[in-house]
Amino acid sequence: MKYKKTYYIITIGCQMNKSDSERVAAYLEKHGYSLAKSETKADLIVLTTCGVRQAAEDRVYGLVGKIKKKNPKGKLILTGCLSEREDVRQRLGDKVDLWLPISQILNFKFQILKKARNPKPETRNCDYLGIKPKYSSKFSAFVPIGNGCNNFCAYCVVPYARGREVYRSAEEILAEVRDLVARGYKEIVLIAQNVNSYKVKSQKSKVKRINFSRLLRMISGISGDFWIRFATSHPKDMSDELIKTIAECDKVCKHIHLPVQAGDDEVLKKMNRGYTREDYIKLVKKIRNSLEILNPKSEILNKFKIQNSKPERFNPVSITTDVIVGFPGETKKQFANTVKLFKEVKFDMAYIARYSGRPGTAAYKLKDDVSLAEKKRREEELIKILRRTALENNKKYLGKTVEVLVVGKSRKGEWYGYTETNKNTGIKIYDLRIKNIIGKFVKVKIIKARDFGLEGVYTKETK
Ligand code: SF4
């Protein structure tokens with residue numbers, strides 16, 4: 001029997017990296033590789049890297065050393081955010097056999113592994129998204145709609161690592177979603193660094209210019225029972241038109257991840273975020289007023305005369321965020337404004353990062369003058385507020401019956417999933433006839449609210 005070459009992929013970082021790895025896997029399988037059990041057994045090891053924080057970068061250095069020690073014959077390909085960083089290339093030297101920016105995967109020729117060289121860039125930054133991926137889930141799929149970012153936030157490496165924004169055509173995205181829905185997928189997660197700045201010209205559609213709002217409507221129009229999620233949105237691109245679309249489209253989950261990054265105007269300006277704290281707070285109020293559609297005073301619903309199609313439905317919206325503590329020069333007074341913003345907005349979840357300077361970014365030139373101990377203290381202060389506000393929001397679910405997408409069963413035998421508002425939910429099932437509901441929508445009556453989750457009792461399978 002002919003020996004089949006094997007591969008193994010290790011992914012660090014965000015949803016976009018996970019999705020990229022799914023495409024790399026499909027590409028390698030198409031070219032005759034099969035999945036190895038571990039990196040130590042593979043002929044080819046792909047490391048999809050993240051350079052957003054120093055800790056993620058350090059993990060890569062550790063992993064490269066370990067892989068090369070345990071599997072010296074395996075060829076190591078490094079892709080992702082660190083693949084184009086000159087200082088990283090010098091540090092790792094020939095421990096890496098091939099440096100491969102993800103957008104160049106289509107140019108990847110297997111024979112070049114004999115010599116460590118880079119393929120020439122010949123394709124657009126998003127052409128590789130046309131590769132049909134090897135999805136890692138059977139019911140929830142990441143569908144990237146573009147790649148790169150034009151915003152140049154002062155702390156962020158993404159515009160350098162992934163290049164400027166480029167978007168996939170609406171036709172290509174719709175074809176991928178249609179295929180997934182036909183195969184029974186229940187959740188489509190549209191991803192890009194900045195989903196809501198999506199803009200393309202279309203030759204085929206009646207609408208010549210398609211923005212993110214239009215794209216959501218087109219995807220919503222595909223028949224089938226599925227949820228649509230998206231991440232990440234930039235506050236400056238969250239238009240009234242988009243909020244109206246989210247309110248009107250039942251399939252679009254009422255969960256908005258809206259990174260604030262700081263609650264102080266001077267810090268926001270230094271970060272180059274393009275909005276003020278007041279703009280952000282007003283935007284959150286508008287979203288809540290519009291999406292919690294039982295609110296008769298909703299500004300946008302009245303403006304656009306939207307009817308609540310399911311008036312009996314319990315309809316909360318959840319707002320989650322990203323925030324950085326200890327940005328260079330952030331004073332205690334400025335941080336106090338972030339604390340105030342947290343108390344006012346009452347987030348459902350927040351991903352709090354201690355600032356870490358990234359080479360090549362504008363902020364890297366500034367003095368990283370907030371001590372690690374102070375960054376940790378600020379992080380803990382925000383976590384305390386977050387625990388309180390998230391619990392307060394979760395208590396609204398008590399006694400309500402909500403739809404949950406079931407994603408697994410714990411070792412203790414408890415089913416779990418999440419709501420359309422992305423609340424992790426433990427599900428108790430007393431009906432012994434229920435055998436396998438992973439990847440299905442079920443109705444769950446909520447009996448317990450915790451800070452970062454809910455607990456409920458299964459009432460029925462819905463779709
Ligand atoms: S919007 Fe800012 S933080 Fe987000 S990817 Fe672009 S530059 Fe980075």
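In each ligand, atom 1 is the first atom listed, and ligand 1 is the first ligand listed.
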Classify the ring geometry of Y198 against F212: parallel below 30°, tilted from 30° to 60°, perpendicular beyond 60°. perpendicular

Considering only protein heavy atoms, which is closest to atom 3 (S) of ligand 1, and at what distance to one decimal place? Y155 OH, 3.4 Å

Select one of side chain, backbone, both or neither to describe which atoms of H234 lie under 4.0 Å from any atom of ligand 1, heavy atoms only. side chain

Mark the output for Q261 as yes if a heavy-atom distance to ligand 1 is under 4.0 Å, and as no if none is. no

Could R91 and Y61 be counted as a cation-pi pair, given that NZ or CZ must be under 6.0 Å from the ring centre and within 45° of the axis? yes

Would Y27 and Y128 count as a ring pair (Phe, Tyr, Trp, His ring centres under 6.0 Å) here? Give the steps. CA-CA 10 Å; Y27 192 78; Y128 78 100; over 10 Å; no

Any idea which part of P159 is under 4.0 Å from ligand 1, heavy-atom wise: side chain, backbone, both or neither? side chain

re atom 4 (Fe) of ligand 1, the protein heavy-atom contact at minimum distance is Q193 O, 4.4 Å

Hey, is E381 close enough to R378 for a salt bridge, meaning N to O under 4.0 Å? no

Contacting atoms of ligand 1, where contact means under 4.0 angstrom from a heavy atom of F152: 7 (S)

Name the closest protein heavy atom to atom 6 (Fe) of ligand 1, giving the residue it belongs to and the distance to 0.1 Å. C149 SG, 2.2 Å

Nearest protein heavy-atom contact for atom 1 (S) of ligand 1: which residue, which atom, what distance? N151 ND2, 3.4 Å

Identity and separation of the nearest protein heavy atom to atom 8 (Fe) of ligand 1: C156 SG, 2.3 Å

Is it true that some N/O/S atom of C153, main chain or side chain, lies under 2.8 Å from atom 6 (Fe) of ligand 1? no

Any chance the side chains of Y397 and T421 put a donor and an acceptor closer than 3.5 Å? yes

One finds that the ligand 1 atoms under 4.0 Å from a non-hydrogen atom of V158 are 5 (S)

Please check this pair: side chain of N150 against backbone of E165, looking for a donor-acceptor N/O pair closer than 3.5 Å. yes

Just say parallel, tilted or perpendicular for the rings of Y7 and Y33, cut-offs at 30° and 60°. perpendicular

Please tell me if the side chains of L76 and K95 come closer than 4.5 Å, counting only heavy atoms from C-beta onward. no

